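Owing to the predicted nature of the structure, the values given are computational and were not obtained by experimental measurement.
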Amino acid sequence: MTSQQLGCCWVLLIALLSCSAATASEVPAIIVFGDSTVDSGNNNYILTVAKGNFPPYGRDFDGGVATGRFSNGRLVTDFVSEALGLPSSVPAYLDSTYTIDQLATGVSFASGGTGLDSLTARVASVIPLSQQLEYFKEYIEKLKQAKGEDVANEIITEALYVFSIGTNDFIINYFNLPLRRAVYTTAEYTAYLVGEAAAAVRDTHELGAHKIIFAGLAPIGCLPSARTLNHDAPGECNEEHSQVAVAFNTALTEAIGKLNDELTGLRVVYSDTYSVLSAILSNPSYYGFVNIAQGCCGTGLIETSVLCGFNDHLTCQDADSYVFFDSVHPSERTYQIIANKIINTDLKLVL
């Protein structure tokens, strides 16, 4: 069987398995916090260069519109929303074209470039996680005004919450800037970030969240940009950086276990993004991918955000054959595979 046939079979498997996911009656809304992996357009409305609201982003989205998603199409959370019987895309909170009635079934507070460390958000001039939680409080009040307190409380209690955050703390902040490295060892910084993650879960739980999926880090040393900047072995994965992601994920898993034991009525599930992406990178032809080392956008070596826009004319024709769409972010097809794992494994644990 050819790699193309295998890829088609995999897509069919995704579609078949997704049919077995939870129904809308179990989950009234999906509420999202995090970074560019789940930002559906909030950065469009703030003063930052970290934007994806121009071509080639969004070219495979419905209508070919660049919504601000850092992808050629939909994100993991969009696929999860659809599998739950909710809308096929999760709107950005700061997009004023959506009404509170539309946001009642799903909303993303995420901001591309942000992190668990507030300094990371300041570096990119984006929305810190603390502000995302403030927006969530504002959202709750809007829900109460629009739906009544009882209905609003039911939505908040029964909603699925998704966190996807932490990558930028390492790839933008710790590995490239001197401030945190002057204060923390890698192990100390990892512990600090995990503490911030746990605090965010606690804050969300205090506001009514009961069902949370918290995504771990991917093998960040294998991002195209990390390969490009790997001075010791150009073009190869930076194994040291990926091992930092492993250490973070291990500590995050332990923290999640403690949160589940301590907080009444809380179910937090760790989502193992690392293993999913590692499997794809180890055997790309099985999944129908051709290129694992470059992004589809531009030269595929270093471009992301505005640099993708500058080099739009160099962008590949078939994003489905690329694991990454730009030098940092997965392609829509990769996001779909990650979402399939969440739909058929993690949701069963959290719902």
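The hydrophobic clustering, which links ILVMFWY residues whose side-chain heavy atoms are closer than 4.5 Å, places Y286 and L277 together. Note on F54 and L314: separate hydrophobic clusters, where clusters join Ile, Leu, Val, Met, Phe, Trp and Tyr whose side-chain heavy atoms are under 4.5 Å apart, directly or indirectly. When the side chains of ILVMFWY residues are joined at heavy-atom separations under 4.5 Å, either directly or via intervening members, L129 and I46 end up in a single hydrophobic cluster. When the side chains of ILVMFWY residues are joined at heavy-atom separations under 4.5 Å, either directly or via intervening members, L307 and I172 end up in two distinct hydrophobic clusters. Transitive grouping of hydrophobic side chains (ILVMFWY, heavy atoms separated by less than 4.5 Å) brings I30 and I155 into a common cluster.
Using cut-offs of 30° and 60° on the angle between ring planes, the pair F109 and Y135 is parallel.
Using modelled atom types, no side-chain atom of Q336 and backbone atom of V76 make a donor-acceptor pair closer than 3.5 Å. Listed for the N42 side chain is a donor-acceptor partner under 3.5 Å among the backbone atoms of A110. The main-chain N or O of D78 is never found under 3.5 Å from a side-chain atom of S89 such that the two would form a donor-acceptor pair. Without hydrogens or angle criteria, H205 side chain to G265 main chain gives no donor-acceptor distance under 3.5 Å. Looking only at distances, no side-chain donor or acceptor of T315 sits under 3.5 Å from a matching main-chain atom of C297. Using a distance-only test at 3.5 Å, with no hydrogens or angles considered, a donor-acceptor pair links the side chain of K51 to the main chain of N43. A donor-acceptor contact shorter than 3.5 Å is absent between the side chain of D35 and the backbone of T114. Although no hydrogens or angles enter the test, the distance criterion places no donor-acceptor pair under 3.5 Å between the side chain of S88 and the main chain of E82. The backbone N or O of V38 sits less than 3.5 Å from a side-chain atom of S108, completing a donor-acceptor pair. For the pair S36 (side chain) and G112 (backbone), a donor-acceptor distance under 3.5 Å is absent.
Separation of the Y270 and F163 ring centroids does not fall under the 6.0 Å cut-off. Taking the ring centroids of Y174 and Y184, they lie at or beyond the 6.0 Å cut-off. A centroid separation of less than 6.0 Å is found between the aromatic rings of F70 and Y57.
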Item to check | Intermediate values then yes/no, salt bridge (charged side-chain N to carboxylate O under 4.0 Å, His left out), E254 and K258 | outcome: CA-CA 7 Å; E254 293 174 358; K258 292 178 181 177; 5.9 Å; no

Next on the checklist: Please determine whether side-chain hydrogen bond (donor to acceptor under 3.5 Å, both in side chains) holds for the pair D101 and T99, giving the CA-CA distance in whole Å, both sets of side-chain angles, and the decisive distance to 0.1 Å.
Outcome noted: CA-CA 5 Å; D101 287 326; T99 67; 4.7 Å; no

Next on the checklist: If you apply the rule side-chain hydrogen bond (donor to acceptor under 3.5 Å, both in side chains), what do you find for Y189 with D117, and how did you get there?
Outcome noted: CA-CA 9 Å; Y189 191 58; D117 183 348; 2.8 Å; yes

Next on the checklist: The test is ring pair (Phe, Tyr, Trp, His ring centres under 6.0 Å); show your working for F33 and F136 and say whether it passes.
Outcome noted: CA-CA 9 Å; F33 302 92; F136 178 47; 5.6 Å; yes

Item to check | Stepwise salt bridge (charged side-chain N to carboxylate O under 4.0 Å, His left out) check, K341 with D272 | outcome: CA-CA 9 Å; K341 183 265 182 186; D272 186 6; 5.9 Å; no

Next on the checklist: Using the rule given for side-chain hydrogen bond (donor to acceptor under 3.5 Å, both in side chains), can you reason through D346 versus S271, listing the C-alpha separation, both sets of side-chain angles and the distance that settles it, and then say yes or no?
Outcome noted: CA-CA 7 Å; D346 301 333; S271 185; 2.7 Å; yes

Item to check | side-chain hydrogen bond (donor to acceptor under 3.5 Å, both in side chains) evaluation trace for S164 with T37 | outcome: CA-CA 7 Å; S164 180; T37 56; 2.6 Å; yes

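Nearest approach of G106 to A29, heavy atoms of both residues: N-CB, 4.0 Å. Between L116 and G166 the shortest heavy-atom distance is CD1-CA, 4.1 Å. Contact detail for G113 and A124: the closest heavy-atom pair is O-CB, 3.9 Å. Heavy atoms only, all atoms of each residue included: L349 and R267 are closest at O-CD, 4.1 Å.
Taking a cutoff of 4.0 Å between a charged side-chain nitrogen and a carboxylate oxygen, R69 and D39 do not qualify as a salt bridge. Taking a cutoff of 4.0 Å between a charged side-chain nitrogen and a carboxylate oxygen, R202 and E262 qualify as a salt bridge. A salt bridge does not link R74 with D60: none of the charged nitrogens is closer than 4.0 Å to a carboxylate oxygen.
Under the 4.5 Å side-chain criterion, counting only non-hydrogen atoms from C-beta, L351 is in contact with L84. With a 4.5 Å cut-off on side-chain heavy atoms, Y322 and P330 do not count as touching. Residues I292 and L281 are in side-chain contact: their nearest non-hydrogen atoms beyond the backbone lie under 4.5 Å apart. Contact check for I100 versus K142: side-chain heavy atoms found under the 4.5 Å cut-off. A heavy-atom distance below 4.5 Å is not found between the side chains of E158 and V27. Looking only at side-chain heavy atoms (C-beta outward), N291 and V323 stay at 4.5 Å or farther from each other. Looking at heavy atoms from C-beta onward, L177 lies out of side-chain contact with L179 at the 4.5 angstrom threshold. Between V328 and I171, some side-chain heavy-atom pair lies under the 4.5 Å cut-off.
If you take CD on Q132 and OH on Y93, they are separated by 12.0 Å, rounding to the nearest 0.5 Å. A distance of 7.5 Å separates CD1 of I256 from CG of L259, quoted to the nearest 0.5 Å. One distance of note links NZ of K147 with CG of N153; it measures 14.0 Å at 0.5 Å rounding. Rounding to the nearest 0.5 Å gives a distance of 11.0 Å between CZ of F310 and CD of E303. Rounding to the nearest 0.5 Å gives a distance of 6.5 Å between OG1 of T186 and CZ of F175. Rounded to the nearest 0.5 Å, atoms CG (L75) and CD (E332) are 9.0 Å apart.
At most 12 non-hydrogen atoms from other residues, nucleotides or ligands lie less than 6.0 angstrom from CD of E154. Atom CG of D62 sits in a sparse spot, with 12 or fewer heavy atoms from other residues, nucleotides or ligands closer than 6.0 Å.
Side-chain atoms of T334 and S331 form a donor-acceptor pair, as typed in the model, at a separation below 3.5 Å. There is a side-chain donor-acceptor pair under 3.5 Å between T120 and D169.
Less than 2.5 Å separates the SG atom of C316 from that of C296.
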Cut-off 3.5 Å, no hydrogens considered: what does the side-chain donor-acceptor table look like for residues 235-247, sequence neighbours left out?
{"residue": "N238", "atom": "OD1", "partner": "E240", "partner atom": "N", "Å": "3.2"}
{"residue": "N238", "atom": "OD1", "partner": "H241", "partner atom": "N", "Å": "3.1"}
{"residue": "S242", "atom": "OG", "partner": "G221", "partner atom": "N", "Å": "3.0"}

